[in-house]
Amino acid sequence: MNDSFITGEAGLSIIRDCEGLRTTSYRCPAGIPTIGYGHTGSEVKDGQTITKEEADRLLRDDVKNAERAIKRLVKVQLTQGQFDALVSFTFNLGAGNLQTSTLLKKLNAGDYAGAAEQFLVWNKAAGKVLPGLVKRRERERQCFLS
(Lines give C-alpha, C1' and ligand atoms only; values in the text may rest on other atoms or scores of the structure.)
Protein backbone atom coordinates (compact mmCIF):
# COMPACT_ATOMS: atom_id res chain seq x y z
CA MET A 1 0.00 0.00 0.00
CA ASN A 2 1.34 3.42 -0.92
CA ASP A 3 1.18 5.42 2.33
CA SER A 4 1.82 8.71 0.55
CA PHE A 5 -1.64 8.88 -1.04
CA ILE A 6 -4.09 11.59 -0.09
CA THR A 7 -7.56 11.78 -1.56
CA GLY A 8 -7.52 13.25 -5.05
CA GLU A 9 -10.09 15.41 -6.77
CA ALA A 10 -11.87 12.36 -8.23
CA GLY A 11 -12.61 10.99 -4.76
CA LEU A 12 -13.57 14.36 -3.34
CA SER A 13 -15.87 14.98 -6.31
CA ILE A 14 -17.78 11.75 -5.68
CA ILE A 15 -18.22 12.66 -2.02
CA ARG A 16 -19.24 16.26 -2.75
CA ASP A 17 -21.72 15.26 -5.44
CA CYS A 18 -23.25 12.40 -3.48
CA GLU A 19 -23.37 14.04 -0.06
CA GLY A 20 -24.46 17.45 -1.36
CA LEU A 21 -23.51 20.77 0.21
CA ARG A 22 -25.65 22.17 3.01
CA THR A 23 -24.29 25.42 4.44
CA THR A 24 -26.95 25.53 7.16
CA SER A 25 -26.99 22.72 9.71
CA TYR A 26 -29.75 20.13 9.57
CA ARG A 27 -30.59 16.87 11.29
CA CYS A 28 -29.75 13.79 9.27
CA PRO A 29 -32.24 10.87 9.19
CA ALA A 30 -30.60 9.56 12.40
CA GLY A 31 -31.28 12.91 14.10
CA ILE A 32 -27.62 13.98 14.23
CA PRO A 33 -26.75 17.65 13.59
CA THR A 34 -24.97 17.75 10.22
CA ILE A 35 -23.48 20.49 8.03
CA GLY A 36 -21.38 20.90 4.90
CA TYR A 37 -20.75 17.66 3.03
CA GLY A 38 -22.15 15.33 5.69
CA HIS A 39 -19.96 16.63 8.54
CA THR A 40 -21.04 15.70 12.06
CA GLY A 41 -19.46 16.43 15.39
CA SER A 42 -20.11 17.99 18.76
CA GLU A 43 -19.29 21.43 17.33
CA VAL A 44 -22.23 21.27 14.87
CA LYS A 45 -25.18 23.17 16.36
CA ASP A 46 -28.76 23.66 15.20
CA GLY A 47 -29.09 26.76 13.01
CA GLN A 48 -25.35 27.01 12.37
CA THR A 49 -24.16 28.30 8.99
CA ILE A 50 -20.80 27.93 7.24
CA THR A 51 -19.27 29.01 3.94
CA LYS A 52 -18.45 26.69 1.05
CA GLU A 53 -14.77 27.19 1.90
CA GLU A 54 -15.39 26.05 5.49
CA ALA A 55 -17.34 23.05 4.18
CA ASP A 56 -14.40 22.11 1.93
CA ARG A 57 -11.99 22.37 4.88
CA LEU A 58 -14.25 20.15 7.01
CA LEU A 59 -14.47 17.64 4.16
CA ARG A 60 -10.67 17.49 3.84
CA ASP A 61 -10.44 16.91 7.61
CA ASP A 62 -13.20 14.29 7.55
CA VAL A 63 -11.66 12.23 4.74
CA LYS A 64 -8.47 11.84 6.79
CA ASN A 65 -10.25 9.23 8.95
CA ALA A 66 -11.12 7.22 5.84
CA GLU A 67 -7.57 7.61 4.51
CA ARG A 68 -6.08 6.30 7.76
CA ALA A 69 -8.42 3.30 7.76
CA ILE A 70 -7.52 2.39 4.18
CA LYS A 71 -3.80 2.71 4.87
CA ARG A 72 -4.24 0.42 7.89
CA LEU A 73 -6.51 -2.18 6.26
CA VAL A 74 -5.35 -2.47 2.65
CA LYS A 75 -2.32 -4.72 2.20
CA VAL A 76 -1.85 -4.44 -1.59
CA GLN A 77 -0.68 -1.65 -3.89
CA LEU A 78 -3.34 0.80 -5.04
CA THR A 79 -3.62 3.32 -7.84
CA GLN A 80 -4.83 6.84 -7.06
CA GLY A 81 -8.23 5.96 -8.55
CA GLN A 82 -8.54 2.86 -6.37
CA PHE A 83 -7.57 4.85 -3.28
CA ASP A 84 -10.06 7.64 -4.10
CA ALA A 85 -12.89 5.13 -4.63
CA LEU A 86 -12.13 3.44 -1.32
CA VAL A 87 -12.07 6.81 0.48
CA SER A 88 -15.55 7.68 -0.82
CA PHE A 89 -16.82 4.20 0.13
CA THR A 90 -15.31 4.39 3.63
CA PHE A 91 -16.42 8.01 4.16
CA ASN A 92 -19.99 6.90 3.43
CA LEU A 93 -20.08 3.52 5.17
CA GLY A 94 -17.40 3.70 7.85
CA ALA A 95 -14.17 1.82 8.44
CA GLY A 96 -15.96 -1.02 10.22
CA ASN A 97 -17.96 -1.90 7.12
CA LEU A 98 -14.84 -1.76 4.97
CA GLN A 99 -12.93 -3.94 7.44
CA THR A 100 -15.52 -6.75 7.36
CA SER A 101 -16.37 -6.45 3.65
CA THR A 102 -15.86 -9.01 0.91
CA LEU A 103 -14.56 -6.03 -1.10
CA LEU A 104 -11.56 -5.75 1.24
CA LYS A 105 -11.03 -9.52 1.37
CA LYS A 106 -10.94 -9.72 -2.45
CA LEU A 107 -8.72 -6.65 -2.71
CA ASN A 108 -6.17 -7.93 -0.19
CA ALA A 109 -6.15 -11.27 -2.05
CA GLY A 110 -5.12 -9.37 -5.19
CA ASP A 111 -8.51 -9.83 -6.89
CA TYR A 112 -8.89 -6.23 -8.07
CA ALA A 113 -11.67 -7.06 -10.58
CA GLY A 114 -13.64 -8.92 -7.93
CA ALA A 115 -13.16 -6.05 -5.48
CA ALA A 116 -14.45 -3.57 -8.07
CA GLU A 117 -17.67 -5.54 -8.46
CA GLN A 118 -18.19 -5.55 -4.69
CA PHE A 119 -18.83 -1.79 -4.66
CA LEU A 120 -22.18 -2.48 -6.34
CA VAL A 121 -23.33 -4.75 -3.49
CA TRP A 122 -23.46 -1.80 -1.05
CA ASN A 123 -26.56 -0.12 -2.49
CA LYS A 124 -29.10 -0.59 0.32
CA ALA A 125 -30.22 1.26 3.43
CA ALA A 126 -32.60 -0.49 5.83
CA GLY A 127 -32.77 -3.38 3.35
CA LYS A 128 -34.01 -1.24 0.44
CA VAL A 129 -32.07 -0.45 -2.72
CA LEU A 130 -31.67 3.34 -2.94
CA PRO A 131 -31.13 4.97 -6.36
CA GLY A 132 -28.65 7.44 -4.85
CA LEU A 133 -26.53 4.60 -3.48
CA VAL A 134 -26.72 2.70 -6.79
CA LYS A 135 -25.36 5.81 -8.54
CA ARG A 136 -22.68 6.44 -5.91
CA ARG A 137 -21.42 2.83 -5.94
CA GLU A 138 -21.24 2.84 -9.74
CA ARG A 139 -19.19 6.06 -9.65
CA GLU A 140 -16.88 4.54 -7.01
CA ARG A 141 -16.53 1.37 -9.12
CA GLN A 142 -15.66 3.43 -12.22
CA CYS A 143 -13.13 5.46 -10.23
CA PHE A 144 -11.63 2.23 -8.84
CA LEU A 145 -11.26 0.86 -12.38
CA SER A 146 -9.79 4.12 -13.79
Side-chain angles (χ1 to χ4, degrees), residues 1 5-74 76 78-109 111-146:
M1 165 74 219
F5 278 132
I6 62 165
T7 308
E9 192 50 45
L12 292 172
S13 178
I14 295 170
I15 296 169
R16 283 187 195 111
D17 292 349
C18 294
E19 295 289 336
L21 172 60
R22 303 271 296 267
T23 57
T24 300
S25 65
Y26 62 97
R27 296 225 171 220
C28 74
I32 298 166
T34 307
I35 200 163
Y37 298 103
H39 175 77
T40 60
S42 59
E43 78 285 0
V44 181
K45 305 296 181 210
D46 288 330
Q48 180 179 352
T49 61
I50 60 173
T51 65
K52 181 183 182 312
E53 292 72 24
E54 289 169 314
D56 284 332
R57 183 184 51 75
L58 289 171
L59 176 59
R60 280 268 180 208
D61 289 345
D62 289 345
V63 299
K64 288 178 183 166
N65 291 327
E67 291 171 348
R68 279 192 292 275
I70 292 159
K71 290 173 183 179
R72 179 174 49 86
L73 296 170
V74 174
V76 295
L78 296 175
T79 65
Q80 183 69 53
Q82 291 165 341
F83 185 79
D84 286 355
L86 289 167
V87 168
S88 175
F89 180 89
T90 306
F91 180 91
N92 182 233
L93 294 164
N97 280 318
L98 175 65
Q99 186 169 0
T100 60
S101 70
T102 301
L103 189 162
L104 182 67
K105 288 179 184 68
K106 287 182 178 281
L107 181 59
N108 282 338
D111 181 2
Y112 291 88
E117 295 311 308
Q118 284 296 307
F119 281 95
L120 305 179
V121 172
W122 294 83
N123 62 0
K124 297 176 188 75
K128 292 186 177 179
V129 173
L130 297 183
L133 289 178
V134 171
K135 181 181 169 191
R136 182 179 191 142
R137 297 289 105 83
E138 182 56 38
R139 283 189 65 188
E140 289 166 349
R141 179 182 166 277
Q142 288 300 321
C143 186
F144 187 88
L145 292 170
S146 69

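When a residue number appears, it is its place in the shown sequence, counting from 1.
Arg60 pairs by the side chain to side chain donor-acceptor pair (under 3.5 Å) definition with nothing, not counting sequence neighbours. Residues meeting the side chain to side chain donor-acceptor pair (under 3.5 Å) test with Asn65, sequence neighbours left out: Arg68. With sequence neighbours left out, the side chain to side chain donor-acceptor pair (under 3.5 Å) criterion links Lys64 to no other residue. Remark: Glu117 engages Arg141 in a salt bridge (charged side-chain N to carboxylate O under 4.0 Å, His left out) (not counting sequence neighbours). Under the rule for a side-chain contact (heavy atoms from CB on, under 4.5 Å), the partners of Thr40 that lie at least two apart in sequence or sit in another chain are Ile32, Thr34.
Sorted by first then second residue, the side-chain hydrogen bond (donor to acceptor under 3.5 Å, both in side chains) pairs that include residues 95-104, not counting sequence neighbours, number zero. For the ring-ring contact (aromatic ring centres under 6.0 Å, His included) condition, no pair includes a residue of residues 43-71, sequence neighbours left out. Residue pairs meeting the ring-ring contact (aromatic ring centres under 6.0 Å, His included) criterion with at least one partner in residues 37-67, sequence neighbours excluded, do not occur; the list is empty. Within the structure, salt bridge (Lys or Arg N to Asp or Glu O under 4.0 Å) contacts touching residues 81-108 (residues at least two apart or in different chains) are Lys106-Asp111.
Once rounded to the nearest 0.5 Å, the distance linking OG of Ser88 with CD of Glu19 reads 8.0 Å. Note that OG1 of Thr79 is 9.0 Å distant from CG of Leu145, once rounded to the nearest 0.5 Å. Annotation: the span from Ile70 atom CD1 to Phe91 atom CZ amounts to 12.0 Å, rounded to 0.5 Å. Atom-to-atom distance recorded for Leu59:CG and Lys52:NZ is 9.5 Å, nearest 0.5 angstrom. The line from CG of Leu107 to CD of Gln82 is 7.0 Å long, rounded to the nearest 0.5 Å.
Within the 4.5 Å cutoff, no side-chain heavy atoms of Asp62 are placed close to those of Ile15. Between Val121 and Leu103 the shortest side-chain heavy-atom distance does not fall below 4.5 Å.
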Which pairs would a plain distance check flag for residues 122-131, meaning a side-chain donor or acceptor within less than 3.5 Å of a matching protein atom at least two apart in sequence or in another chain?
none

Using distance only, find each side-chain donor-acceptor pair of residues 24-31 under 3.5 Å and give its atom names and separation, not counting sequence neighbours.
| unit_1 | atom_1 | unit_2 | atom_2 | d |
| --- | --- | --- | --- | --- |
| Ser25 | OG | Lys45 | O | 2.7 |
| Ser25 | OG | Gly47 | N | 2.9 |
| Ser25 | OG | Gln48 | N | 3.1 |
| Arg27 | NE | Asp46 | OD1 | 3.2 |
| Arg27 | NH1 | Gly31 | O | 2.7 |
| Arg27 | NH2 | Asp46 | OD1 | 3.4 |
| Arg27 | NH2 | Asp46 | OD2 | 2.9 |

Please tabulate, for side-chain N and O atoms in residues 5-13, each donor-acceptor pair with protein atoms closer than 3.5 Å (sequence neighbours left out).
| unit_1 | atom_1 | unit_2 | atom_2 | d |
| --- | --- | --- | --- | --- |
| Thr7 | OG1 | Glu67 | OE2 | 2.6 |
| Glu9 | OE2 | Arg16 | NH1 | 2.6 |

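The two residues Arg137 and Phe119 make their nearest non-hydrogen contact at CD-O, 3.0 Å. Summarising the geometry of Thr90 relative to Ala69, their closest heavy-atom pair is CG2-CB, 4.4 Å, with the distance given to 0.1 Å.
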| message | Please determine whether side-chain contact (heavy atoms from CB on, under 4.5 Å) holds for the pair Val74 and Leu104, giving the CA-CA distance in whole Å, both sets of side-chain angles, and the decisive distance to 0.1 Å. | response | CA-CA 7 Å; Val74 174; Leu104 182 67; 3.8 Å; yes
| Derivation and outcome, side-chain contact (heavy atoms from CB on, under 4.5 Å), residues Asn92 and Cys18 | CA-CA 9 Å; Asn92 182 233; Cys18 294; over 6 Å; no
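Residues Arg136 and Glu140 are paired through a salt bridge, judged by an N-O separation under 4.0 Å between the basic side chain and the carboxylate. Salt-bridge annotation for Lys135 and Glu138: absent, with no side-chain N of the basic residue lying under 4.0 Å from a carboxylate O of the acidic one.
Within the 3.5 Å criterion, the main-chain N or O of Leu73 finds a donor-acceptor partner in the side chain of Asn108.
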